[in-house]
Amino acid sequence: MGESGNSRGFSWLVKSCITDSCREVSRSPVPSHCYHKDLLPSAAAAPDSSPIFALPDDVLFECLSRVSLSSLPSLSLVCRRFALLLDSPAFIDLRRSQGRLRRTLFAICISDLGVVTAAALPIPIPIQPDLSWDTVAAPISFSGDLAAGTFSQPRLAAIGRSFYLIGRGATLRYDSLTGAVSLRAPTLFLRKKFAAAVVGNRIYVSGGSTRTSSVEEYDPEANEWRVVAEAPKRRYGCVGAAAGGVFYVLGGLRVGTQREEEEARDAHACAGSMDAYHVRAGMWLRVRAVVPGGGCVVGACGAGPYIYVLASHSVEVSFWRWDGKGRRGGDWMRLEPPPVAGQHRLGGAVHFACASIGDDKLSALVYSSVSHGARGMETALLVYDIRLDEWSRGPELPPGLRRAACACVEC
């Protein structure tokens, strides 16, 4: 991604710290709620050969804020002081005041070997024939203590500059500025193929378990999960979205303690339905919303006051807008469907990862194979223009991002 700052002019910042004993630091910086001035080493304690430590924090902030985005991950490894300054809320505020922040679409995935890979595109996406994703961080390994398959199908949530990848019994935080990866508190209940969305800088998850119907809330500042409600249905394979302060849980199969014949009868109806939890009121809304035509929800995201839903009908993929304030508790509007190839809809497997990239556009990462079980998989980025009601195709994903999730942050 292009940026007006030139990192070469600040190479002395890095060279002046190379010999410092505190250069070897953890990849995970101190949490942002810790005030950096109480933790930074004093200038007197630094060696005379490192004049960088003689500079006050405000001067360092000014210098570091002008470094290009692609160089920030390297700077966070120079010394502990740099890592703390870059992780401070004051740093992101300064870059914002200088106009150096821009909305960016990220695609993030975790491989079976435990490697986090991320790629990014600037928003708005430039119309260029040779445009490609920018790999903003090298693959980073995390602890090998996690069980295999922990992040086989994680859910991705974005708050501020951070992404939270929520897996089965583990949560990771990925810093979009520095590329730092750190473990966070896991959900209280083991979940897989569940719904997740952000409402008011808190993460909400529901479904993905046959043992509980609890809805959990995550507070990033306290790094804690807590149960806030019980869902009316236990869903597996559902997706989440948020709009207007409401957490929507859509699609999936109904699981639980019902008899097998009841589960089979209700499975199709559940796959196209939704539950709506009003976060501030702490209550479930009476929403009798089922995707028209009996489709199964395969993707959803919120943009402005609406929820946009992708539904599979075996032979086609439909696209809908849900207005929760419409008549009779909500209204559906059919929109232009995404341009998914016919050979992938018929007998193939198609998966979607959706995200809002503003109030006027949506993104959908499409992963499709010609037949079920096939190793070969095609990927595509599709962008939907809400005002024009039309889809366009974006640049291909880089190798190594199979089944990535996507979200948008300011960095």
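A donor-acceptor pair is defined here as one N or O able to donate and one able to accept, closer than 3.5 Å; such a pair exists between the side chain of Trp133 and the backbone of Pro395. Distance alone, capped at 3.5 Å, places no donor-acceptor pair between the Ser363 side chain and the Val383 backbone. Between the side chain of Asp323 and the main chain of Asp331, no donor-acceptor pair closer than 3.5 Å is present. At distances below 3.5 Å, not a single donor-acceptor pair connects side-chain atoms of Thr178 with backbone N or O atoms of Ser176. With hydrogens and angles disregarded, a donor-acceptor distance shorter than 3.5 Å links the side chain of His278 to the backbone of Ala281. Checked by atom type and distance alone, the side chain of Asn223 pairs as donor or acceptor with a backbone atom of Ala185 at under 3.5 Å. Listed for the Arg155 side chain is no donor-acceptor partner under 3.5 Å among the backbone atoms of Leu165. With hydrogens and angles disregarded, no donor-acceptor distance shorter than 3.5 Å links the side chain of Gln98 to the backbone of Glu62. Under a 3.5 Å cut-off, the side chain of Ser88 and the backbone N or O of Leu85 do not form any donor-acceptor pair.
At least one side-chain heavy atom of Leu105 sits under 4.5 Å from a side-chain heavy atom of Leu381. You'll find the side chain of Arg387 stays beyond 4.5 Å of the side chain of Lys361, heavy atoms only. Counting heavy atoms from C-beta outward, Asp175 and Asp87 have side chains that approach closer than 4.5 Å. Leu250 places none of its side-chain heavy atoms less than 4.5 Å from the side chain of Cys238. Side-chain atoms of Val205 and Trp225, non-hydrogen and from C-beta on, do get closer than 4.5 Å to each other. In this structure, Trp322 and Val287 have side chains that are in contact, with non-hydrogen atoms separated by less than 4.5 Å. The shortest distance between side-chain heavy atoms of Thr171 and Leu183 does not fall below 4.5 Å. A 4.5 Å side-chain heavy-atom check between Phe163 and Val409 finds at least one atom pair inside the cut-off.
The OG atom of Ser152 lies 10.0 Å from the CD1 atom of Ile110; values are rounded to the nearest 0.5 Å. Here the OG1 atom belonging to Thr104 is positioned 9.5 Å from the CG atom belonging to Asp134, to the nearest 0.5 angstrom. If you take CD on Glu216 and CG on Leu188, they are separated by 4.0 Å, rounding to the nearest 0.5 Å. Between the CD1 atom in Ile123 and the CZ atom in Phe106 there is a gap of 10.5 Å [rounded to 0.5 Å]. Rounded to the nearest 0.5 angstrom, Ser356 OG and Arg103 CZ are separated by 6.5 Å. The line from CG of Leu177 to CG of Leu86 is 8.0 Å long, rounded to the nearest 0.5 Å.
More than 12 heavy-atom neighbours from other residues, nucleotides or ligands sit within 6.0 angstrom of CZ on Arg334.
Note: Trp332 and Trp320 have perpendicular aromatic rings, judged against thresholds of 30 and 60 degrees for the angle between ring planes.
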- request: Take Val227 and Val215, measure what side-chain contact (heavy atoms from CB on, under 4.5 Å) needs, and give me the verdict at the end.
  value: CA-CA 6 Å; Val227 175; Val215 177; over 6 Å; no
- request: Could you walk me through whether Arg95 and Leu72 pass the side-chain contact (heavy atoms from CB on, under 4.5 Å) test, one step at a time?
  value: CA-CA 12 Å; Arg95 285 180 69 92; Leu72 289 179; 4.0 Å; yes
- prompt: Does the pair Phe194 and Ile166 meet the rule for a side-chain contact (heavy atoms from CB on, under 4.5 Å), with working shown?
  reply: CA-CA 10 Å; Phe194 54 93; Ile166 310 165; 3.7 Å; yes
- request: Carefully, step by step, assess Arg280 and Met283 under the rule side-chain contact (heavy atoms from CB on, under 4.5 Å).
  value: CA-CA 8 Å; Arg280 186 173 182 179; Met283 60 179 293; over 6 Å; no
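Residues Arg173 and Ser162 have side chains that bring a donor and an acceptor to within less than 3.5 angstrom of each other. Judged purely by distance below 3.5 Å, without hydrogens or angles, the side chains of Ser71 and Ser68 pair a donor atom with an acceptor atom. Side-chain contact, Glu230 with Ser213: a donor N or O sits under 3.5 Å from an acceptor N or O. Side chains of Ser273 and Arg235: a donor-acceptor N/O pair is present below 3.5 angstrom, by distance only. A side-chain N or O of Ser182 and one of Arg184 form a donor-acceptor pair less than 3.5 Å apart.
Salt bridge present: Asp57 and Arg81 bring a charged side-chain N and a carboxylate O closer than 4.0 Å. Under a 4.0 Å N-O distance rule, the pair Glu217/Arg202 qualifies as a salt bridge.
Between Phe319 and Trp391, the gap from one ring centroid to the other is short of 6.0 Å.
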